[in-house]
Amino acid sequence: MKGTVQLVGAGPGDPGLLTIKAKDCLEQADVVVYDHLANSRLLEYCRADAERIFVGKEAGRHTLPQETIGACLVEHAQAGKRVVRLKGGDPFVFGRGGEEIESLRSAGIPFEIVPGVTAALAAAAYTGIPLSQRGHSSAITFLTGHEDPSKQNLTVDFAAHAGTGATLCIYMGMGQLPRIAQELLNGGLSPETPAAVVQWATLPRQHSLVSTLGTLVESVESAGLGAPSIIIVGEVVKLREQQSWFEAGPLFGKRVVVTRAREQSASLAGQLAALGAEVMELPFIEVKKVLDPTLISEVLADIAQFEWLVFTSSNGVNAFFELLMKAYGDIRCLGPARIAVVGKATEKALNRYHIKADLVPGTHTGDALGAAMIATDSMESTRVLVITGNRNRPDLVQKLEHEGGAIVDTLPLYQTDSCAWQETAEGQQLLQEGADAILFTSSSTVDSFVQGLQQQDWSSTALIPKYGSIGPLTRDTLEANQLPIDFEASKISVKSLVKACCKALAN
Ligand code: SAH
(Lines give C-alpha, C1' and ligand atoms only; values in the text may rest on other atoms or scores of the structure.)
Protein backbone atom coordinates (compact mmCIF):
# COMPACT_ATOMS: atom_id res chain seq x y z
CA MET A 1 0.00 0.00 0.00
CA LYS A 2 1.25 3.45 -0.88
CA GLY A 3 0.88 6.28 1.56
CA THR A 4 0.46 9.96 0.83
CA VAL A 5 2.30 13.15 1.59
CA GLN A 6 0.61 16.39 2.52
CA LEU A 7 2.71 19.51 2.27
CA VAL A 8 1.16 21.69 4.92
CA GLY A 9 1.71 25.37 5.67
CA ALA A 10 2.10 25.88 9.41
CA GLY A 11 1.65 29.64 9.29
CA PRO A 12 4.08 32.15 10.75
CA GLY A 13 4.13 31.12 14.41
CA ASP A 14 0.90 31.99 16.22
CA PRO A 15 -0.77 28.55 16.46
CA GLY A 16 -4.15 30.23 15.93
CA LEU A 17 -3.17 31.01 12.35
CA LEU A 18 -3.13 27.35 11.36
CA THR A 19 -5.91 26.49 8.89
CA ILE A 20 -8.61 24.00 9.84
CA LYS A 21 -7.49 21.79 7.00
CA ALA A 22 -3.92 21.82 8.28
CA LYS A 23 -5.16 20.83 11.72
CA ASP A 24 -7.12 17.92 10.22
CA CYS A 25 -3.98 16.75 8.42
CA LEU A 26 -1.95 16.87 11.65
CA GLU A 27 -4.62 14.97 13.56
CA GLN A 28 -4.58 12.17 11.04
CA ALA A 29 -0.87 11.98 10.28
CA ASP A 30 1.21 8.87 10.99
CA VAL A 31 4.44 10.78 10.46
CA VAL A 32 5.12 14.51 10.75
CA VAL A 33 8.29 15.96 9.25
CA TYR A 34 8.87 19.52 10.50
CA ASP A 35 11.54 22.18 10.79
CA HIS A 36 12.38 25.03 13.10
CA LEU A 37 10.08 27.71 11.72
CA ALA A 38 6.96 25.62 12.28
CA ASN A 39 5.74 26.27 15.84
CA SER A 40 6.35 23.03 17.74
CA ARG A 41 3.12 23.56 19.71
CA LEU A 42 1.28 22.56 16.56
CA LEU A 43 2.58 19.03 17.10
CA GLU A 44 0.18 18.78 20.02
CA TYR A 45 -2.54 18.18 17.43
CA CYS A 46 -0.84 14.93 16.37
CA ARG A 47 -1.85 11.57 17.72
CA ALA A 48 0.30 10.38 20.61
CA ASP A 49 1.65 7.54 18.46
CA ALA A 50 2.50 9.71 15.43
CA GLU A 51 6.18 9.75 14.57
CA ARG A 52 7.72 13.23 14.72
CA ILE A 53 10.83 13.89 12.64
CA PHE A 54 12.75 17.16 13.01
CA VAL A 55 14.65 18.14 9.88
CA GLY A 56 15.49 21.74 10.74
CA LYS A 57 18.66 23.47 11.69
CA GLU A 58 19.84 23.07 15.26
CA ALA A 59 22.62 25.06 16.89
CA GLY A 60 25.89 24.01 15.31
CA ARG A 61 24.25 21.79 12.74
CA HIS A 62 23.14 22.52 9.22
CA THR A 63 19.69 21.89 7.89
CA LEU A 64 19.38 18.47 6.33
CA PRO A 65 20.06 18.60 2.61
CA GLN A 66 16.90 18.91 0.54
CA GLU A 67 17.42 15.46 -1.07
CA THR A 68 17.55 13.84 2.37
CA ILE A 69 14.24 15.45 3.31
CA GLY A 70 12.72 14.37 0.00
CA ALA A 71 14.00 10.82 0.51
CA CYS A 72 12.58 10.75 4.04
CA LEU A 73 9.11 11.74 2.76
CA VAL A 74 9.27 9.12 0.01
CA GLU A 75 10.46 6.39 2.35
CA HIS A 76 7.63 6.85 4.85
CA ALA A 77 4.98 7.21 2.16
CA GLN A 78 6.22 4.04 0.50
CA ALA A 79 5.80 2.28 3.83
CA GLY A 80 2.10 3.14 3.55
CA LYS A 81 2.15 6.07 5.98
CA ARG A 82 0.19 9.30 5.90
CA VAL A 83 2.99 11.80 5.99
CA VAL A 84 2.61 15.50 6.81
CA ARG A 85 5.46 17.74 5.80
CA LEU A 86 4.86 20.77 7.99
CA LYS A 87 6.52 23.93 6.75
CA GLY A 88 6.68 27.42 8.24
CA GLY A 89 4.39 29.96 6.58
CA ASP A 90 3.28 28.75 3.16
CA PRO A 91 5.02 25.78 1.53
CA PHE A 92 5.30 27.53 -1.84
CA VAL A 93 6.63 30.87 -0.65
CA PHE A 94 10.41 30.59 -0.39
CA GLY A 95 9.79 27.24 1.23
CA ARG A 96 11.28 24.85 -1.29
CA GLY A 97 7.95 23.09 -1.47
CA GLY A 98 8.38 22.73 -5.22
CA GLU A 99 11.60 20.79 -4.78
CA GLU A 100 10.02 18.41 -2.30
CA ILE A 101 7.17 17.77 -4.72
CA GLU A 102 9.70 16.85 -7.39
CA SER A 103 10.97 13.98 -5.22
CA LEU A 104 7.39 12.81 -4.64
CA ARG A 105 6.47 13.03 -8.32
CA SER A 106 9.45 11.01 -9.43
CA ALA A 107 8.65 8.31 -6.86
CA GLY A 108 4.99 8.33 -7.91
CA ILE A 109 3.74 9.29 -4.44
CA PRO A 110 0.35 11.02 -4.32
CA PHE A 111 0.49 14.40 -2.60
CA GLU A 112 -1.64 17.36 -1.54
CA ILE A 113 -0.72 20.93 -0.69
CA VAL A 114 -2.33 22.95 2.08
CA PRO A 115 -1.45 26.65 1.91
CA GLY A 116 -0.50 28.59 5.02
CA VAL A 117 -0.33 32.21 6.14
CA THR A 118 2.97 33.42 4.80
CA ALA A 119 5.29 35.53 6.96
CA ALA A 120 4.92 38.76 4.95
CA LEU A 121 1.14 38.80 5.34
CA ALA A 122 1.44 37.92 9.01
CA ALA A 123 4.08 40.58 9.68
CA ALA A 124 1.94 43.21 7.98
CA ALA A 125 -1.23 42.19 9.82
CA TYR A 126 0.38 41.97 13.26
CA THR A 127 2.00 45.39 12.92
CA GLY A 128 -1.00 47.06 11.30
CA ILE A 129 0.65 47.87 7.96
CA PRO A 130 -1.82 47.54 5.05
CA LEU A 131 0.26 46.11 2.23
CA SER A 132 -1.89 47.77 -0.39
CA GLN A 133 -3.90 50.94 -0.08
CA ARG A 134 -5.48 53.11 -2.72
CA GLY A 135 -3.32 56.13 -3.40
CA HIS A 136 -0.26 54.55 -1.80
CA SER A 137 0.44 51.20 -3.38
CA SER A 138 -1.44 48.92 -5.75
CA ALA A 139 1.17 46.21 -6.08
CA ILE A 140 2.88 43.91 -3.58
CA THR A 141 6.13 42.11 -4.31
CA PHE A 142 7.64 39.25 -2.33
CA LEU A 143 11.42 39.10 -2.63
CA THR A 144 14.13 37.04 -1.03
CA GLY A 145 17.47 38.33 0.20
CA HIS A 146 19.25 35.09 -0.49
CA GLU A 147 17.54 32.05 -1.85
CA ASP A 148 20.21 29.75 -0.61
CA PRO A 149 21.27 30.69 2.91
CA SER A 150 24.79 29.39 2.33
CA LYS A 151 25.37 31.79 -0.59
CA GLN A 152 26.24 35.37 0.06
CA ASN A 153 25.19 36.74 -3.33
CA LEU A 154 21.88 38.46 -3.90
CA THR A 155 19.88 36.60 -6.50
CA VAL A 156 17.34 39.37 -6.88
CA ASP A 157 18.00 42.61 -8.73
CA PHE A 158 16.73 44.93 -5.98
CA ALA A 159 17.50 48.07 -7.93
CA ALA A 160 15.08 46.93 -10.63
CA HIS A 161 12.30 46.64 -8.03
CA ALA A 162 12.94 50.12 -6.67
CA GLY A 163 11.06 51.86 -9.44
CA THR A 164 7.89 49.75 -9.50
CA GLY A 165 6.00 51.60 -6.79
CA ALA A 166 5.06 48.25 -5.26
CA THR A 167 5.21 47.52 -1.54
CA LEU A 168 8.29 45.33 -1.17
CA CYS A 169 8.22 42.45 1.30
CA ILE A 170 11.67 41.00 1.73
CA TYR A 171 12.22 37.55 3.23
CA MET A 172 15.60 36.32 4.48
CA GLY A 173 17.08 39.77 4.07
CA MET A 174 18.66 40.52 7.44
CA GLY A 175 22.09 39.08 6.66
CA GLN A 176 22.31 41.27 3.57
CA LEU A 177 20.45 44.32 4.81
CA PRO A 178 23.12 46.97 4.07
CA ARG A 179 23.46 45.72 0.48
CA ILE A 180 19.73 45.44 -0.08
CA ALA A 181 19.12 48.96 1.24
CA GLN A 182 21.93 50.33 -0.91
CA GLU A 183 20.62 48.61 -4.05
CA LEU A 184 17.16 50.02 -3.47
CA LEU A 185 18.64 53.51 -3.07
CA ASN A 186 20.72 52.96 -6.22
CA GLY A 187 17.53 51.98 -8.03
CA GLY A 188 16.06 55.38 -7.25
CA LEU A 189 14.07 54.96 -4.04
CA SER A 190 14.34 58.01 -1.81
CA PRO A 191 16.17 57.63 1.53
CA GLU A 192 12.94 58.96 3.06
CA THR A 193 10.96 55.91 1.90
CA PRO A 194 9.32 54.39 4.98
CA ALA A 195 10.57 50.92 5.89
CA ALA A 196 9.70 48.47 8.67
CA VAL A 197 11.30 45.35 10.06
CA VAL A 198 9.28 42.75 11.92
CA GLN A 199 11.09 39.97 13.72
CA TRP A 200 9.31 36.84 15.01
CA ALA A 201 6.00 38.13 13.68
CA THR A 202 2.85 36.89 15.47
CA LEU A 203 4.79 35.41 18.40
CA PRO A 204 5.01 36.94 21.88
CA ARG A 205 8.61 37.84 21.13
CA GLN A 206 7.56 39.86 18.07
CA HIS A 207 9.75 42.93 17.77
CA SER A 208 9.20 45.57 15.16
CA LEU A 209 10.49 48.97 14.17
CA VAL A 210 9.66 51.62 11.64
CA SER A 211 12.38 53.70 10.04
CA THR A 212 13.31 55.03 6.61
CA LEU A 213 15.35 53.33 3.93
CA GLY A 214 18.23 55.74 4.54
CA THR A 215 18.46 54.97 8.27
CA LEU A 216 17.19 51.40 8.30
CA VAL A 217 20.54 49.67 8.84
CA GLU A 218 21.36 51.91 11.76
CA SER A 219 17.92 51.48 13.35
CA VAL A 220 18.08 47.71 13.03
CA GLU A 221 21.52 47.62 14.59
CA SER A 222 20.58 49.77 17.53
CA ALA A 223 17.38 47.81 18.16
CA GLY A 224 19.29 44.53 17.85
CA LEU A 225 16.90 42.93 15.37
CA GLY A 226 17.97 39.83 13.45
CA ALA A 227 16.51 36.85 11.62
CA PRO A 228 13.83 35.71 11.13
CA SER A 229 12.42 39.03 9.99
CA ILE A 230 10.35 40.49 7.21
CA ILE A 231 11.42 43.83 5.82
CA ILE A 232 8.62 45.94 4.40
CA VAL A 233 9.53 48.91 2.21
CA GLY A 234 7.03 51.38 0.79
CA GLU A 235 4.73 54.32 1.45
CA VAL A 236 2.15 52.09 3.18
CA VAL A 237 4.49 51.67 6.16
CA LYS A 238 3.51 55.23 7.14
CA LEU A 239 -0.04 54.02 7.68
CA ARG A 240 0.97 51.83 10.55
CA GLU A 241 -0.95 52.52 13.73
CA GLN A 242 0.97 54.28 16.45
CA GLN A 243 1.60 50.98 18.13
CA SER A 244 0.73 47.63 16.63
CA TRP A 245 -2.56 46.29 18.02
CA PHE A 246 -0.76 43.06 18.80
CA GLU A 247 2.11 44.67 20.65
CA ALA A 248 -0.42 46.65 22.66
CA GLY A 249 -1.94 43.43 24.17
CA PRO A 250 -2.06 43.64 28.00
CA LEU A 251 0.39 40.76 28.44
CA PHE A 252 2.51 41.39 25.34
CA GLY A 253 6.12 40.48 25.95
CA LYS A 254 5.41 39.19 29.46
CA ARG A 255 6.65 35.75 30.34
CA VAL A 256 4.06 33.83 32.30
CA VAL A 257 4.67 30.37 33.71
CA VAL A 258 1.87 27.83 33.97
CA THR A 259 1.90 24.18 34.79
CA ARG A 260 1.98 21.83 31.87
CA ALA A 261 -0.89 19.38 31.98
CA ARG A 262 -3.75 18.67 29.65
CA GLU A 263 -7.11 20.42 29.34
CA GLN A 264 -7.52 23.25 31.87
CA SER A 265 -3.95 24.32 31.44
CA ALA A 266 -4.32 24.31 27.66
CA SER A 267 -7.14 26.78 28.03
CA LEU A 268 -5.13 28.85 30.51
CA ALA A 269 -2.11 28.90 28.18
CA GLY A 270 -4.36 29.79 25.24
CA GLN A 271 -6.00 32.71 27.03
CA LEU A 272 -2.65 34.10 28.14
CA ALA A 273 -1.16 33.76 24.65
CA ALA A 274 -4.15 35.51 23.11
CA LEU A 275 -3.31 38.54 25.27
CA GLY A 276 0.25 38.49 23.95
CA ALA A 277 2.01 36.61 26.76
CA GLU A 278 4.97 34.37 26.18
CA VAL A 279 3.62 31.31 27.93
CA MET A 280 6.13 28.97 29.50
CA GLU A 281 4.68 25.58 30.32
CA LEU A 282 6.46 23.68 33.06
CA PRO A 283 5.67 20.13 34.13
CA PHE A 284 5.00 20.93 37.79
CA ILE A 285 2.79 17.90 38.20
CA GLU A 286 2.19 14.65 36.48
CA VAL A 287 -1.11 12.81 36.58
CA LYS A 288 -0.81 9.02 36.49
CA LYS A 289 -3.57 6.48 36.52
CA VAL A 290 -3.62 4.28 39.60
CA LEU A 291 -5.98 1.43 39.28
CA ASP A 292 -6.84 -1.02 42.03
CA PRO A 293 -8.62 -3.79 40.08
CA THR A 294 -10.34 -5.33 43.11
CA LEU A 295 -11.72 -2.05 44.34
CA ILE A 296 -12.77 -1.02 40.84
CA SER A 297 -14.65 -4.22 40.16
CA GLU A 298 -16.36 -4.03 43.55
CA VAL A 299 -17.46 -0.47 43.00
CA LEU A 300 -18.53 -1.00 39.40
CA ALA A 301 -20.53 -4.13 40.26
CA ASP A 302 -22.41 -1.99 42.75
CA ILE A 303 -22.58 1.16 40.69
CA ALA A 304 -26.36 1.44 40.41
CA GLN A 305 -26.61 1.42 44.23
CA PHE A 306 -25.02 4.84 44.65
CA GLU A 307 -27.42 7.72 44.94
CA TRP A 308 -24.75 10.38 44.47
CA LEU A 309 -21.57 10.32 42.42
CA VAL A 310 -19.11 13.06 43.29
CA PHE A 311 -16.28 14.21 41.03
CA THR A 312 -13.55 16.47 42.36
CA SER A 313 -11.60 16.89 39.11
CA SER A 314 -11.83 16.42 35.36
CA ASN A 315 -9.09 13.78 35.60
CA GLY A 316 -11.43 11.77 37.83
CA VAL A 317 -14.32 12.19 35.36
CA ASN A 318 -12.26 10.95 32.43
CA ALA A 319 -10.71 8.01 34.26
CA PHE A 320 -14.10 6.97 35.65
CA PHE A 321 -16.00 7.02 32.37
CA GLU A 322 -13.23 5.20 30.58
CA LEU A 323 -13.58 2.34 33.10
CA LEU A 324 -17.36 2.47 33.12
CA MET A 325 -17.58 2.26 29.33
CA LYS A 326 -15.15 -0.65 29.29
CA ALA A 327 -17.19 -2.51 31.88
CA TYR A 328 -20.75 -1.76 30.69
CA GLY A 329 -20.63 0.04 27.35
CA ASP A 330 -23.92 1.68 28.30
CA ILE A 331 -24.36 4.87 30.27
CA ARG A 332 -27.68 3.65 31.72
CA CYS A 333 -25.75 1.40 34.09
CA LEU A 334 -25.50 4.45 36.34
CA GLY A 335 -29.19 4.19 37.16
CA PRO A 336 -30.83 7.28 38.60
CA ALA A 337 -27.72 8.49 40.49
CA ARG A 338 -27.34 12.22 40.96
CA ILE A 339 -24.01 13.79 40.15
CA ALA A 340 -22.10 16.54 41.96
CA VAL A 341 -18.94 18.19 40.65
CA VAL A 342 -16.55 20.55 42.39
CA GLY A 343 -16.40 23.23 39.69
CA LYS A 344 -16.82 24.41 36.13
CA ALA A 345 -13.87 22.53 34.58
CA THR A 346 -15.07 19.25 36.09
CA GLU A 347 -18.59 20.02 34.91
CA LYS A 348 -17.30 20.58 31.39
CA ALA A 349 -15.48 17.24 31.44
CA LEU A 350 -18.73 15.57 32.53
CA ASN A 351 -20.72 17.28 29.79
CA ARG A 352 -18.43 15.68 27.23
CA TYR A 353 -20.04 12.38 28.20
CA HIS A 354 -23.46 13.95 27.57
CA ILE A 355 -24.30 14.07 31.23
CA LYS A 356 -25.37 17.14 33.14
CA ALA A 357 -24.29 17.85 36.70
CA ASP A 358 -27.06 18.03 39.28
CA LEU A 359 -24.95 20.11 41.61
CA VAL A 360 -22.07 22.57 41.15
CA PRO A 361 -21.26 24.67 44.25
CA GLY A 362 -21.01 28.44 43.88
CA THR A 363 -17.46 28.34 45.29
CA HIS A 364 -15.32 25.68 43.72
CA THR A 365 -13.81 24.02 46.79
CA GLY A 366 -14.26 20.60 48.37
CA ASP A 367 -15.65 22.26 51.46
CA ALA A 368 -18.28 24.22 49.53
CA LEU A 369 -19.16 21.08 47.60
CA GLY A 370 -19.75 19.16 50.84
CA ALA A 371 -21.87 21.97 52.26
CA ALA A 372 -23.95 22.24 49.07
CA MET A 373 -24.57 18.50 49.06
CA ILE A 374 -25.63 18.53 52.70
CA ALA A 375 -27.95 21.45 51.94
CA THR A 376 -29.89 19.22 49.51
CA ASP A 377 -31.07 17.35 52.60
CA SER A 378 -30.56 14.02 50.89
CA MET A 379 -27.43 12.75 52.62
CA GLU A 380 -28.79 10.83 55.62
CA SER A 381 -27.94 7.12 55.13
CA THR A 382 -27.36 7.77 51.45
CA ARG A 383 -24.67 5.91 49.53
CA VAL A 384 -22.23 8.35 47.99
CA LEU A 385 -19.27 7.56 45.75
CA VAL A 386 -16.45 10.13 45.70
CA ILE A 387 -14.16 9.70 42.71
CA THR A 388 -10.77 11.22 43.49
CA GLY A 389 -7.00 11.24 43.09
CA ASN A 390 -4.38 10.44 45.74
CA ARG A 391 -4.65 13.95 47.10
CA ASN A 392 -8.26 13.11 47.73
CA ARG A 393 -10.40 15.17 49.89
CA PRO A 394 -10.57 13.71 53.38
CA ASP A 395 -12.31 16.92 54.48
CA LEU A 396 -15.08 16.40 51.93
CA VAL A 397 -15.58 12.75 52.86
CA GLN A 398 -15.59 13.55 56.57
CA LYS A 399 -18.07 16.33 56.13
CA LEU A 400 -20.47 14.17 54.16
CA GLU A 401 -20.19 11.38 56.71
CA HIS A 402 -20.17 13.35 59.96
CA GLU A 403 -22.33 16.33 59.16
CA GLY A 404 -24.53 14.76 56.51
CA GLY A 405 -24.78 11.19 57.77
CA ALA A 406 -23.93 9.75 54.35
CA ILE A 407 -22.28 6.38 53.69
CA VAL A 408 -19.30 7.33 51.60
CA ASP A 409 -17.07 5.15 49.43
CA THR A 410 -14.05 6.63 47.71
CA LEU A 411 -12.65 5.48 44.42
CA PRO A 412 -9.13 6.81 43.83
CA LEU A 413 -8.33 6.57 40.13
CA TYR A 414 -5.26 8.67 39.59
CA GLN A 415 -2.27 10.06 41.33
CA THR A 416 -0.81 13.53 41.12
CA ASP A 417 2.95 13.47 41.49
CA SER A 418 5.50 16.26 41.57
CA CYS A 419 7.84 16.45 38.59
CA ALA A 420 11.47 17.47 38.50
CA TRP A 421 10.57 20.59 36.51
CA GLN A 422 13.91 22.19 37.32
CA GLU A 423 15.62 19.56 35.18
CA THR A 424 13.79 20.49 31.98
CA ALA A 425 15.09 23.07 29.49
CA GLU A 426 12.22 25.41 30.36
CA GLY A 427 12.89 24.91 34.06
CA GLN A 428 16.53 25.88 33.63
CA GLN A 429 15.50 28.91 31.61
CA LEU A 430 13.11 29.97 34.36
CA LEU A 431 15.77 29.61 37.05
CA GLN A 432 18.32 31.58 35.03
CA GLU A 433 16.19 34.28 33.45
CA GLY A 434 13.15 34.50 35.72
CA ALA A 435 9.65 35.35 34.53
CA ASP A 436 7.04 38.05 34.98
CA ALA A 437 4.58 35.77 36.74
CA ILE A 438 4.03 32.20 37.85
CA LEU A 439 0.44 31.03 38.03
CA PHE A 440 -0.42 28.32 40.54
CA THR A 441 -3.62 26.47 39.84
CA SER A 442 -3.52 23.99 42.73
CA SER A 443 -1.69 23.23 45.96
CA SER A 444 0.14 20.39 44.25
CA THR A 445 1.65 22.79 41.71
CA VAL A 446 2.97 24.91 44.60
CA ASP A 447 4.45 21.86 46.35
CA SER A 448 6.25 20.74 43.22
CA PHE A 449 7.47 24.26 42.50
CA VAL A 450 8.95 24.57 45.98
CA GLN A 451 10.67 21.19 45.73
CA GLY A 452 12.41 22.17 42.50
CA LEU A 453 13.18 25.71 43.63
CA GLN A 454 15.35 24.71 46.58
CA GLN A 455 17.56 27.64 47.52
CA GLN A 456 16.80 29.86 44.52
CA ASP A 457 16.01 33.40 45.62
CA TRP A 458 15.77 35.12 42.20
CA SER A 459 18.21 37.85 43.27
CA SER A 460 20.52 37.03 40.37
CA THR A 461 17.77 36.90 37.75
CA ALA A 462 16.69 39.80 35.60
CA LEU A 463 13.01 39.20 36.22
CA ILE A 464 11.63 38.46 39.66
CA PRO A 465 8.36 36.58 39.17
CA LYS A 466 5.11 37.56 40.79
CA TYR A 467 3.20 34.65 42.28
CA GLY A 468 -0.46 34.25 41.42
CA SER A 469 -2.94 31.91 43.09
CA ILE A 470 -6.22 30.56 41.75
CA GLY A 471 -7.92 30.39 45.14
CA PRO A 472 -7.79 30.01 48.91
CA LEU A 473 -6.35 26.48 49.10
CA THR A 474 -3.52 27.34 46.74
CA ARG A 475 -2.93 30.56 48.66
CA ASP A 476 -2.70 28.62 51.94
CA THR A 477 -0.05 26.36 50.43
CA LEU A 478 1.94 29.36 49.15
CA GLU A 479 1.73 30.91 52.60
CA ALA A 480 2.74 27.67 54.31
CA ASN A 481 5.86 27.72 52.15
CA GLN A 482 6.59 31.36 53.00
CA LEU A 483 6.06 32.45 49.43
CA PRO A 484 4.45 35.80 48.67
CA ILE A 485 1.00 35.98 47.08
CA ASP A 486 1.23 38.84 44.64
CA PHE A 487 -2.21 38.35 43.15
CA GLU A 488 -5.19 36.04 43.40
CA ALA A 489 -8.17 35.23 41.22
CA SER A 490 -11.39 36.76 42.56
CA LYS A 491 -13.23 33.54 41.64
CA ILE A 492 -11.73 30.07 41.30
CA SER A 493 -11.58 30.04 37.52
CA VAL A 494 -9.03 30.25 34.77
CA LYS A 495 -10.65 33.40 33.38
CA SER A 496 -10.49 35.13 36.71
CA LEU A 497 -6.86 34.14 37.20
CA VAL A 498 -5.95 35.58 33.79
CA LYS A 499 -7.71 38.81 34.70
CA ALA A 500 -5.83 39.07 37.99
CA CYS A 501 -2.57 38.40 36.17
CA CYS A 502 -3.21 41.21 33.64
CA LYS A 503 -3.91 43.59 36.50
CA ALA A 504 -0.81 42.56 38.41
CA LEU A 505 1.47 42.93 35.39
CA ALA A 506 0.01 46.19 34.10
CA ASN A 507 2.79 48.75 33.93
N1 SAH B 1 7.65 29.58 3.69
C2 SAH B 1 7.87 30.64 4.64
C3 SAH B 1 9.15 31.39 4.36
C4 SAH B 1 10.36 30.57 4.60
S5 SAH B 1 11.83 31.46 4.29
C6 SAH B 1 6.67 31.58 4.60
O7 SAH B 1 5.80 31.45 3.75
O8 SAH B 1 6.58 32.43 5.48
C9 SAH B 1 12.29 31.97 5.92
C10 SAH B 1 12.08 33.45 6.08
O11 SAH B 1 10.72 33.73 6.29
C12 SAH B 1 12.78 34.05 7.28
O13 SAH B 1 14.12 34.32 7.02
C14 SAH B 1 12.00 35.33 7.44
O15 SAH B 1 12.36 36.28 6.49
C16 SAH B 1 10.60 34.86 7.11
N17 SAH B 1 9.84 34.47 8.30
C18 SAH B 1 9.32 33.28 8.58
N19 SAH B 1 8.62 33.32 9.73
C20 SAH B 1 8.71 34.58 10.19
C21 SAH B 1 8.19 35.28 11.30
N22 SAH B 1 7.44 34.66 12.24
N23 SAH B 1 8.47 36.58 11.44
C24 SAH B 1 9.21 37.24 10.53
N25 SAH B 1 9.73 36.63 9.45
C26 SAH B 1 9.48 35.33 9.27
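Each ligand, and each atom within it, is numbered from 1 in the order the structure gives.
- A donor-acceptor contact closer than 3.5 angstrom is absent between the side chains of Glu192 and Thr212.
- The protein heavy-atom contact nearest to atom 3 (C) of ligand 1 is Val93 O, 3.4 Å.
- Relative to atom 24 (C) of ligand 1, the option among Pro12, Pro228, Gly175 with the closest non-hydrogen atom is Pro228.
- Heavy atoms of Gly88 come nearer than 4.0 angstrom to ligand 1 in at least one pair.
- If you check which protein heavy atom lies closest to atom 9 (C) of ligand 1, you get Leu37 CD1, 3.7 Å.
- Scanning the protein for heavy atoms near atom 21 (C) of ligand 1, the closest one is Ala201 N, 3.5 Å.
- Protein heavy atom closest to atom 7 (O) of ligand 1, with residue, atom name and distance, is Thr118 OG1, 2.6 Å.
- The 12-atom threshold is exceeded at CD of Glu27, counting heavy atoms of other residues, nucleotides or ligands nearer than 6.0 Å.
- For Lys87 (side chain) and Gly95 (main-chain N/O), a donor-acceptor pair under 3.5 Å exists by modelled atom type.
- Among all non-hydrogen protein atoms, the one lying nearest atom 8 (O) of ligand 1 is Ala119 N, 2.9 Å.
- Atoms of ligand 1 found under 4.0 Å from any heavy atom of Val198 (numbered from 1 in listed order, with element): 24 (C).
- Of all protein heavy atoms, the one closest to atom 10 (C) of ligand 1 is Met172 CG, 3.7 Å.
- For the residue pair Ser443 / Thr477, a side-chain donor-acceptor distance below 3.5 Å is found, with atom types taken as modelled.
- No side-chain heavy atom of Asp447 sits under 4.5 Å from any side-chain heavy atom of Phe284.
- In this structure, atom 11 (O) of ligand 1 lies nearest to the protein heavy atom Tyr171 CD2, 3.4 Å.
- Side-chain contact between Val55 and Thr68: absent, with no pair of heavy atoms (C-beta onward) separated by less than 4.5 Å.
- Not a single heavy atom of Gly13 lies less than 4.0 angstrom from ligand 1.
- Side chains of Phe158 and Arg179 form no contact here, defined as non-hydrogen atoms less than 4.5 Å apart.
- Using a 4.0 Å heavy-atom cutoff, Ile230 is listed among the residues neighbouring ligand 1.
- Counting only heavy atoms from C-beta outward, the side chains of Leu26 and Val8 never approach each other to under 4.5 Å.
- Within the 4.5 Å cutoff, the side chain of Tyr126 has heavy atoms near those of the Leu17 side chain.
- Shortest contact from atom 5 (S) of ligand 1 to any protein heavy atom: Phe94 O, 3.4 Å.
- Judged by the shortest distance from any of its heavy atoms, Ser229 lies inside the 4.0 Å radius around the atoms of ligand 1.
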